[in-house]
Amino acid sequence: MPYEAERHGPRRLVGPGFHRRVQSAVLMVPPGCVTTYGDIAAALGSVRIARQVGFALAALPADAAVPWWRVVAAGGRLSTAPATARRQQRLLAAEGVAVRGTRVIDFQGRRFVFPGIVPEPS
DNA sequence: CGGCTGACGACCT
DNA sequence: GAGGTCGCCAGCC
């Protein structure tokens, strides 16, 4: 599936290669499901770059065609930035994903597992 | 090239 | 459960 943001012109696309790889991964997550920064990091090749995944999403423009709200922290917790967390909760609720406090209800059941996710080689 | 900045995650009180 | 510490590393000056 092509990268939807790409069709809207270069200005919508958050540039560098790493950011694009993160966005491609997020686009795989279907509505009503969630994934974690760590899972995306693992899908990209290293569980150690979970934090960079977060920064890449933070750099997204407001009009990016990327469902960033489906990405939560480990254990189904929402992001630590309060303003972001509120927006995220509202967007998740619109997809039928309930949140109590800062945690997704039934996180394991809602979790999207990336195909071919492999633990770090060396 | 070097320092700064963080939507994380694991672990500790 | 609710705080804090620390290692992690890609971008951007």
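Here the structure is a predicted model, which means the values were calculated and not measured. Order of the sequence lines fixes the chain letters, A, B, ..., with proteins taken first and strands second; residue numbering starts at 1 for each chain.
- Between A/Leu78 atom CG and B/dC8 atom P the separation is 11 Å, expressed in whole Å.
- Across every non-hydrogen atom of A/Phe114 and A/Ala25, the tightest pair is CE2-O, 3.3 Å.
- Among the protein residues, A/Leu57 comes within range of the nucleic acid bases, having at least one heavy atom under 4.0 Å from a base atom.
- In terms of polar N and O atoms assigned as donor or acceptor, the side chain of A/Arg51 comes within less than 3.5 Å of the base of C/dG7 in a complementary pairing.
- Between the CH2 atom of A/Trp68 and the P atom of B/dC8 there is a distance of 13 Å, given to the nearest Å.
- At least one donor-acceptor pair closer than 3.5 Å links the side chain of A/Arg103 to the backbone N or O of A/Gly75.
- In the set C/dG11, B/dA7, B/dG6, B/dG6 carries the atom at the smallest distance from any side-chain atom of A/Phe55.
- Scanning both residues, A/Arg77 and A/Val72, for their nearest heavy atoms gives O-CB, 3.3 Å.
- Here the shortest heavy-atom pairing between A/Gln89 and A/Leu78 reads CB-CD1, 4.1 Å.
- Nucleotide B/dA7 holds its P atom 17 Å from the CD atom of A/Gln23, rounded to whole Å.
- We find that OH of A/Tyr37 is positioned 21 Å from P of C/dC8, with the value rounded to whole Å.
- Candidate nucleotides C/dC8, B/dC8, C/dG11 were compared by shortest atom distance to the side chain of A/Phe18, and C/dG11 ranks first.
- Within 4.0 Å of A/Ala58, counting heavy atoms only, lies at least one base atom of the nucleic acid.
- Not a single donor-acceptor pair, N or O on each side, falls under 3.5 Å between the base of C/dG11 and the side chain of A/Gln52.
- Listed candidates were B/dA7, C/dA10, B/dG9. Nearest to the side chain of A/Ala74 is B/dG9.
- Separating the CG atom of A/Leu44 from the P atom of C/dC9 is a distance of 14 Å, rounded to the nearest angstrom.
- If you measure from atom CZ of A/Arg77 to atom C1' of B/dG9, you get 8 Å, rounded to the nearest angstrom.
- Counting all heavy atoms, side chain and backbone alike, A/Cys33 lies closest to A/Phe112 at CB-CB, 4.0 Å.
- Taking only side-chain atoms of A/His19, from C-beta outward, the nucleotide of C/dG11, B/dC8, C/dC9 with the closest atom is C/dG11.
- The nucleotide whose nearest atom lies closest to any side-chain atom of A/Thr84 is, among B/dA7, C/dC9, B/dC8, B/dA7.
- Regarding A/Ile49, its CD1 atom lies at a distance of 17 Å from the P atom of B/dA7, rounded to whole Å.
- A/Arg20 places its CZ atom 12 Å from the P atom of C/dG11, with the value rounded to the nearest Å.
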